[in-house]
Amino acid sequence: MLHRGFRIGPHFSTPLLLQLYLNRAYPEAKRWAALIALADKPEPEAFQVLCDALRDEHWMMRRTALEAVKRHPRAEEARPEIVRLLFDLNDDVRQVACRVCAELGWQEARGGVVTLLEEDNPDVRDVAVSALNRLWQDGDFDLVLRLYRGDTRRAVRIAAAKTLRKHVGPRNWRRLFTLWAHDREVRHRLWACELVVRFGGHAYLPRVTPLLNDRNENVRTAARDAVDKLAA
């Protein structure tokens with residue numbers, strides 16, 4: 001990472017990086033760079049400093065520490081601290097903690113992730129519903145479907161739809177098809193055609209035929225392909 005044209009990175013010795021981070025007289029940007037570089041250091045004191053930074057009073061330090069710990073070979077040992085940050089007071093910290101837990105596949109974080117679906121900040125809800133893509137469990141379908149149908153932010157509804165698409169199955173595809181076939185989002189009408197080909201049969205021809213007259217050319221093409229396959 002560059003700081004005023006001077007590159008701070010893992011080529012620095014661990015003692016020097018520790019000094020740069022621990023000296024609060026240095027500019028915050030320099031300390032952040034040192035913290036990120038410590039993720040590549042195997043010494044126990046480097047990892048301990050990263051873990052301590054997860055409780056730093058400054059939210060940006062906690063956020064940076066999350067990014068650094070995620071890359072460290074001993075990240076698993078910091079699991080309780082990282083899961084705890086799902087409930088941090090800062091929205092940015094919670095979002096990064098949510099991404100880290102999902103990327104590392106920590107199922108015990110799922111409860112905290114689900115609570116973030118109710119947050120006032122739509123950016124937090126967006127990250128949380130995307131995290132469920134990786135932490136999915138049976139029973140999450142209705143939870144995410146409610147978010148898709150009722151969230152006030154378009155980006156959150158789209159993220160919910162992407163998650164539903166990944167986990168749709170024979171038991172619930174009809175509900176999505178019914179919603180997506182009339183959705184204002186072009187991609188969702190395309191996905192409706194995809195679903196009926198995957199799970200539907202000849203009986204669904206009357207349901208997909210109206211999409212042959214969709215206002216979007218790509219949807220019309222997908223509908224034609226679906227009709228041909230169902231008719232065959």
Side-chain angles (χ1 to χ4, degrees), residues 1-117 119 121-137 155 159 162-163 166:
M1 184 179 290
L2 289 175
H3 177 69
R4 295 184 180 178
F6 186 64
R7 185 171 297 279
I8 299 173
H11 59 286
F12 280 26
S13 68
T14 298
L16 179 55
L17 289 172
L18 291 172
Q19 179 186 352
L20 289 172
Y21 168 70
L22 293 171
N23 190 335
R24 294 181 177 271
Y26 285 130
E28 288 181 345
K30 181 179 285 190
R31 297 182 64 223
W32 297 336
L35 199 58
I36 289 292
L38 285 169
D40 295 298
K41 298 299 182 178
E43 292 86 353
E45 56 270 29
F47 182 68
Q48 185 58 55
V49 163
L50 291 177
C51 292
D52 292 344
L54 293 172
R55 289 183 174 268
D56 195 278
E57 61 184 14
H58 195 299
W59 72 267
M60 191 61 188
M61 287 299 179
R62 299 195 299 277
R63 184 189 189 284
T64 305
L66 278 167
E67 297 283 6
V69 171
K70 178 187 72 173
R71 295 171 41 223
H72 198 280
R74 294 173 60 186
E76 186 71 24
E77 299 175 38
R79 185 187 294 210
E81 283 296 308
I82 293 174
V83 172
R84 180 185 61 82
L85 289 175
L86 290 170
F87 305 96
D88 196 86
L89 295 177
N90 182 271
D91 285 350
D92 279 23
V93 173
R94 284 188 287 178
Q95 289 177 74
V96 175
C98 191
R99 291 192 191 99
V100 171
C101 290
E103 288 174 19
L104 297 179
W106 291 344
Q107 278 294 329
E108 66 267 41
R110 185 181 164 282
V113 171
V114 168
T115 65
L116 297 183
L117 297 177
E119 285 296 316
N121 187 336
D123 293 333
V124 175
R125 299 197 301 275
D126 191 341
V127 170
V129 73
S130 296
L132 281 182
N133 241 334
R134 294 175 179 248
L135 303 177
W136 188 267
Q137 291 184 7
K162 289 179 179 177
T163 299
K166 182 175 180 179

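In what follows, every heavy atom counts, from backbone to side chain, and hydrogens, waters and symmetry copies are set aside. Throughout, residue positions are numbered sequentially from 1 according to the sequence presented.
With sequence neighbours left out, the side-chain hydrogen bond (donor to acceptor under 3.5 Å, both in side chains) criterion links Arg31 to no other residue. In terms of the side-chain hydrogen bond (donor to acceptor under 3.5 Å, both in side chains) criterion, residue partners of Thr14 (sequence neighbours excluded) are, by chain and number, Glu43. By the side-chain hydrogen bond (donor to acceptor under 3.5 Å, both in side chains) test, Arg134 is found to be paired with no residue, residues two or more places apart in sequence or in another chain being considered. For Arg99, there are no side-chain hydrogen bond (donor to acceptor under 3.5 Å, both in side chains) partners, not counting sequence neighbours.
Remark: Leu50 CG to Arg71 CZ distance equals 9.5 Å, nearest 0.5 Å. Remark: Leu116 CG to Arg125 CZ distance equals 11.0 Å, nearest 0.5 Å. Atom-to-atom distance recorded for Phe12:CZ and Lys41:NZ is 10.0 Å, nearest 0.5 angstrom. Atoms CG and CD, from Leu54 and Glu81 in turn, are 6.0 Å apart once rounded to the nearest 0.5 Å. In this structure, the separation between OG1 on Thr64 and CG on Leu38 is 12.0 Å, given to the nearest 0.5 Å. Here the CG atom belonging to Leu66 is positioned 11.0 Å from the SG atom belonging to Cys98, to the nearest 0.5 angstrom.
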Show your working on side-chain contact (heavy atoms from CB on, under 4.5 Å) between Gln137 and Leu132 and close with a plain yes or no. CA-CA 8 Å; Gln137 291 184 7; Leu132 281 182; over 6 Å; no
Would you sort out whether Val83 and Leu86 count as a side-chain contact (heavy atoms from CB on, under 4.5 Å), showing the intermediate values? CA-CA 6 Å; Val83 172; Leu86 290 170; 4.2 Å; yes
Quick one: do Asp92 and Val96 satisfy side-chain contact (heavy atoms from CB on, under 4.5 Å)? Show the steps, please. CA-CA 6 Å; Asp92 279 23; Val96 175; 5.7 Å; no
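Contact between Gln107 and Trp136 at its shortest, heavy atoms only, is NE2-O, 4.2 Å. Across all non-hydrogen atoms, the minimal contact from Leu35 to Val49 is CD1-CG1, 4.4 Å. The heavy-atom pair separating Ala68 from Ala39 by the smallest distance is O-CB, 3.2 Å. The two atoms that bring Leu85 and Arg94 nearest to each other are O-CG, 3.5 Å, heavy atoms only. The minimum heavy-atom distance linking Val129 with Asp126 is given by the pair CG1-O, 3.3 Å.
Evaluation of the ring-ring contact (aromatic ring centres under 6.0 Å, His included) test over residues 68-107, restricted to residues two or more places apart or in two chains, returns Phe47-His72. Residue pairs satisfying the salt bridge (Lys or Arg N to Asp or Glu O under 4.0 Å) criterion with at least one member in residues 56-69, sequence neighbours excluded, are listed as follows: Arg24-Asp56, Arg62-Asp88, Glu67-Lys70.
Side chains of Glu77 and Cys51 form no contact here, defined as non-hydrogen atoms less than 4.5 Å apart.
A donor-acceptor contact closer than 3.5 angstrom is absent between the side chains of Gln95 and Asp91.
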